[in-house]
Structure formats: C-alpha cells, structure tokens
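Proteins get letters first, then strands, A, B, ... in listed order; numbering begins at 1 in each. Everything numeric here is computed off the predicted structure, so don't read it as measured data. Just the heavy atoms: all of them, side chains too, but no hydrogens, waters or symmetry mates, feed the values below.
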Amino acid sequence: MKIVTYNVNGIKARIDRLVEYLTEQQPDIVCLQELKSQDDGFPIDRIHEAGYGAVWHGQKSWNGVAVLAKGKVPVERQRGLAGDPEDEHSRYLECEIDGLVVAAIYLPNGNPQPGPKFDYKLKWMDRLADRARALLAEEVPVVLAGDYNVIPNDDDTFSVRAMQDDALMQPESRERYRALLAQGWTDALRTKFPGGKVWTFWDYQAGAWQRDAGFRIDHLLLSPQAADRLRDAGVDKEYRGREKASDHAPTWVRLR
DNA sequence: ATGTCAGAACACTTCTGA
C-alpha cells in the first residue's frame, strides 16, 4: 500500500492538482498539510468523486491537515496535541485505517529565528515527542507523515550556506528531530536514500525548481511494526513541475 | 534586487506567512 504526505499549499487552490494526483497514482492513504481553509470550505465532494473518504481539521487562512483513504473513511483518534490549551493551530490529526495508525503533521515553520515563532516550534516538537512516545508504547504500525519543517542533515539541502540561518536547519530543530528518531522511529526516505540529496520542497522564488535548489522537509516516520513492512519510499517529484503546482512534492512510502 | 504564491481585508492593492 502507498501512503503519501503532501503539503498542498491551499486545498482550494490545489484541488484540481490533488484530484489529478489521486486519479493517476491511486494512493491508499494521503496526509495533507496547509489546507489554508476552514472546515466548511474543504472540497469533500471532489474528494468523494475521486473515490476517497476523508477526515479534516481546518483553520481560517493558515495551517490545516487532513487524512484521506481510498474507498473508506479514516477513523479519527485525536486532533491537536496535548500540552498547550492556548494552541489553536490545526497541525495534528491522527486517524486509524484498517489497523494502521496514521497522523498528518504540519510542524511549525519557526521563522524568523530567534523569536516567539521559533520558541513555539520547539515547544510543539516537544509536545509531538510526547505523543510519539505514547504511540510507540501501543506497539502497533504507525506512520507519522507530514511537513516537519526540519532539514535533518546537511545533505538534505541544496545549500547549507543558503539555509544556515533558517529555522528549518537550526541545531535546536535538528536535535529534537534526532531525539524523535532515537525513540525508535524510522525515517523512511533516509533509509531508502542514505546518501541524502533527495528533495521534497522547492521554493517558488528565485527559480528554485529550475535550479533544483530544494531540500527535504516532508518526512514519513515509521514505528517498528510499520518499518518491518517497509518496501519502498520516494518522492513524486514530477508533480512539482506541473502548472499551478504546490511548492512541495508528494512524498511516499510503500508498505507490505 | 527576497526574484513567488495563497488568503484575507479598513478590498481591486497591500499585508502576512511561508
């Protein structure tokens, strides 16, 4: 089965591209980020027409996550992370589909750093780590799929120099990402491409796509029970080059 | 020379966030 994470950068602006992707690739499960839409603006009819069920957690203007499943409706387990009652951002949605737990994650960007947005990012990562630890304790197959807004290693970016002051690459962000992996999660893309140099995001600006100036920030983390079933992982890079594309490409794993 | 998008509003142009 193919499980995808795809930051669409606006579900209403991207619905034609998304339906095209679903039709062509027929993924089994898709985690979406950056819906940039309230719940009542989510184009569920178009998604149903494409043969998918969905659970979504929207928000006006920004953020927003969803989980789609082919031919079925995901069963919601949790929306939002514990640990901050003041946090209104729609960034975490956890569902179950046929015994597989899947969470759609939109981790805070954190720029500019230092500053309150970076502080929020780091605290959010700590809260995610708490949830991730609880999920591992369940000893079931889990996929944490999303835009983590973290460039884990130097070979996960076209240019360390260009990104050195960015929140995506700060030691504090990387330490927390590494700590998450150290709990027992497998970074599926890293396992498949240990040499790095695989991008999931290319900025709209400065001809980044044309220059292949990208980086890897969309990740699929697998619990041991899911990692045992890992067959393949990759990026559907071609979709980044299409008309009206998102700045992210769909990123996926295949599990047995 | 921050060169592009998407969404929203004191809205048809400018701002914010990424």
Below 30° counts as parallel, above 60° as perpendicular, anything between as tilted: where do the rings of A:W202 and A:W209 land? perpendicular
Expressed in angstrom and rounded to an integer, what is the separation of A:N9 atom CG from B:dG7 atom C1'? 10 Å
In this structure, how many angstroms lie between the C1' atom of B:dG17 and the CD atom of A:Q205, rounded? 12 Å
When we call it a touch if two heavy atoms are under 4.0 Å apart, what does A:A206 touch: a base, just sugar-phosphate, or nothing? base
Any heavy-atom pair between the side chains of A:F201 and A:I217 that's under 4.5 Å? yes
Are any of A:K117's side-chain N or O atoms less than 4.0 Å away from OP1 or OP2 of B:dG17? yes
Gap in Å between the two C1' atoms, one belonging to B:dC10 and one to B:dC15, rounded: 12 Å
Measure from CZ on A:R240 to C1' on B:dC5 and round the result to the nearest Å. 10 Å
Closest-nucleotide 5' rank along DNA chain B - winner of A:S37 and A:E34: A:S37
Should we say atom CZ of A:R256 is surrounded by more than 12 heavy atoms from elsewhere, each under 6.0 Å from it? yes
Take atom CG of A:D147 and atom C1' of B:dG17, then tell me their distance rounded to the nearest Å. 13 Å
Can you tell me how far P in B:dG17 sits from the matching atom in B:dA1, rounded to whole Å? 23 Å
With nearest nucleotides of DNA chain B determined for A:G10 and A:F201 from heavy-atom distances, which residue corresponds to the more 5′ nucleotide? A:G10
Tell me which nucleotide among B:dC5, B:dA18, B:dG7 gets nearest to the side chain of A:Y204. B:dC5
Please check the phosphate of B:dA8 (OP1 and OP2 only) for any side-chain N or O of A:K36 closer than 4.0 Å. no
Quick one: does A:I11's side chain get under 4.5 Å of A:P43's, heavy atoms only? yes
For atom CD of A:Q59 and atom C1' of B:dG17, their distance in whole Å: 12 Å
Within the structure, does a side-chain N or O atom of A:K60 lie under 4.0 Å from either OP1 or OP2 of B:dA9? yes
Length of the line joining A:Q113:CD and B:dA18:C1', which is rounded to integer Å: 15 Å
Greater than 12 external heavy atoms within 6.0 Å of A:R211's CZ: yes
Say we look at B:dT2 and B:dG7: how far apart would their P atoms be, to the nearest angstrom? 25 Å
Taking side chain as C-beta onward, heavy atoms only, is A:V160 less than 4.5 Å from A:M169? yes
How far does the C1' atom of B:dT16 sit from the matching atom of B:dA11, given to the nearest Å? 15 Å
Measuring from the side chain of A:W62 (C-beta onward, heavy atoms only), which nucleotide among B:dG7, B:dG17, B:dA18 has the closest atom? B:dG17
Check the distance between B:dT4's C1' and A:Q210's CD and give it to me in whole angstrom. 11 Å
From B:dG7, B:dA9, B:dA18, nucleotide with atom closest to A:S61 side chain: B:dG7
In whole Å, I'd like the distance from the CG atom of A:D203 to the C1' atom of B:dC5. 9 Å
B:dA6 OP1/OP2 closer than 4.0 Å to side-chain N/O of A:R14: yes
